[in-house]
Number of protein chains: 2
Amino acid sequence: MIVRQAANVLDIFEYFARTKKPTTLAELADHFNWPRSSTFNLLTTLSEKGYLYEPRPRAGYYPTPRWLAMARQASEVEPLPAWSHALIADLSAETGETAAIAAPSGTMAVFIDVVESSAPIRYFAQIGHRIPIHATSSGRALLLQYTPEERDALYRKIEFKQYGPSTPISINAVETELRASIDRDYCESFADYSRDLAGVAVPLPIGDRRLSVVVAGPEFRIGDKTHDISIVLKRLVERHRPKPG
Amino acid sequence: MIVRQAANVLDIFEYFARTKKPTTLAELADHFNWPRSSTFNLLTTLSEKGYLYEPRPRAGYYPTPRWLAMARQASEVEPLPAWSHALIADLSAETGETAAIAAPSGTMAVFIDVVESSAPIRYFAQIGHRIPIHATSSGRALLLQYTPEERDALYRKIEFKQYGPSTPISINAVETELRASIDRDYCESFADYSRDLAGVAVPLPIGDRRLSVVVAGPEFRIGDKTHDISIVLKRLVERHRPKPG
DNA sequence: CCGGATCGTACAAGTATGTGAATTTTATCG
DNA sequence: CGATAAAATTCACATACTTGTACGATCCGG
């Protein structure tokens, strides 16, 4: 169950991140189609908690740097190593496509680091973006790191939906694709989940964390280059990952 | 009115910032005395929005870097100039006390930047921390920048409470203290709001923003040094603030 | 490897909470 | 400066949320 008011807080937060401008009560209420009164209550709550302030009455609400101060601390919970960001930065530079690091979260994969392509037509991914774990290359690169038992447990929770023409819609289809991935030594997907989108991914275990790296972009650019991309992918992983011992 | 679930989101956020550790549903529920089921709903909401993820079932929730990514963007809404942080850093170093920048928010003042003293006994202030505008030195340094009309409007909203022995509990008391501040050329307060706390502050207009700088610490250390501190305060403001023209 | 304890998840009833209309306050224009 | 419009704020009711309960899964100690 979605807790509406919890989601609303995040919506306001993201609204500020997007617009990068102060905002009045009326503006927010109109934008989200919220009643003025509810918007007022939300803004009051955020202000009392020290996350917003109103330098002068009716002239708009501003976010305080408290968001940043807290986020900085919260991001120490489980920081990624510095090299993983360098890795996707290089990957994006060499391939010209968007590169990302994904982590599992239930039946979903979450992007926990992203470097976007600079191409005008590109895969627009964001940190925190979630995609079905079984219907994406980055997701399947995560599944490869699961034990068969863990995969079984997960499959029972997945709601198989036909996102695109090639979406695997059964446990068998997924397992078959996983075996194929092992054979070719990388994961790939063509519009399995998002239209026109192709991806190439490999597992990237870090410590005891099961992550994956993915390069993704429009099918027409990635199309027949998945093998070449997988070579670059593996070469760069090899270069950046610290040698054990 | 406080929106409970909105506040809860921030509480969870701050919990991660404080503990810097992943957290299980049960742990959170116990800590905040929330029912498991409500906690479950909240965590689900935060996960679906991409702010939390659960790498493996029952092994705990982790914050995603999305908090940080959004906060970075949101902090571009109204960035402080670089010199204002340098100012309070120097201030804190020279005085040995906590220094901060405050902004008005209704009848409150909010700290929007803080450098804490390194002394073991010190004023523990945080970005986002709110204090009554009329009963603190930093707040009154803000009030000095208001027009008499604006102050009048504000006074009507203030609920005068006796926070400490010297809290000004009437409009007159506040106005008298403001005139005294003009005469001595800086604002000061001794436990007007927080017990044992003394502060020295001056206005710090930046652009069209009405801010203030404050040095605050325990009364026994600040006590009779307020004048000396005000000298340092004004000297450093003079040094850091870019010359007009 | 078994059994008890713990944890996560679903559900339905009662109530706190958010909403919409009414009121007050502030800004704007003639 | 007074009238008008728009915004913010208050208040009472209907809705959506919380919560206790129950079930199933998973963990852990013996």
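So you know, we letter chains A, B, ... as the sequences are listed, proteins then strands, and number each from 1.
Mapping Phe40(A) and Pro57(B) onto DNA chain D by nearest heavy atom places Phe40(A) closer to the 5' end of the strand.
For the pair Glu149(B) CD and dA27(C) P, the computed distance is 12 Å after rounding to whole Å. A straight line from CD of Glu54(A) to P of dT9(D) spans 7 Å, rounded to a whole angstrom. Atom CG of Leu25(B) and atom P of dG8(C) are 5 Å apart (whole Å). Residue Leu52(B) contributes atom CG, which lies 14 Å from atom P of dG8(C) at whole-angstrom precision. The CD atom of Glu27(B) sits 10 Å away from the P atom of dG8(C) (whole-angstrom rounding). The nearest whole Å value for the distance from the CG atom in Asp30(A) to the C1' atom in dA6(D) is 12 Å.
Between Glu177(A) and Arg184(A) there is a salt bridge, since at least one side-chain N of the basic residue sits less than 4.0 Å from a carboxylate O of the acidic one. The existence of a salt bridge linking Arg151(A) and Glu175(A) is confirmed by a sub-4.0 Å separation between a basic side-chain nitrogen and an acidic carboxylate oxygen. Between Glu14(A) and Arg66(B) there is a salt bridge, with a side-chain nitrogen of the basic residue lying less than 4.0 Å from a carboxylate oxygen of the acidic one. Salt-bridge annotation for Glu78(A) and Lys20(B): absent, with no side-chain N of the basic residue lying under 4.0 Å from a carboxylate O of the acidic one.
The cationic atom of Arg210(A) (NZ for Lys, CZ for Arg) lies less than 6.0 Å from the six-membered ring centre of Tyr146(A) and within 45° of the ring axis.
Taking the six-membered ring where tryptophan is involved, the planes of Tyr193(B) and Tyr163(B) are perpendicular, since the angle between them exceeds 60° and thus also 30°.
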| message | Walk along nucleotides 12-26 of chain C from 5' to 3' and tag each nucleotide B, S or - by protein heavy-atom contact under 4.0 Å, base first, then sugar-phosphate. | response | ----SSBBB----BS
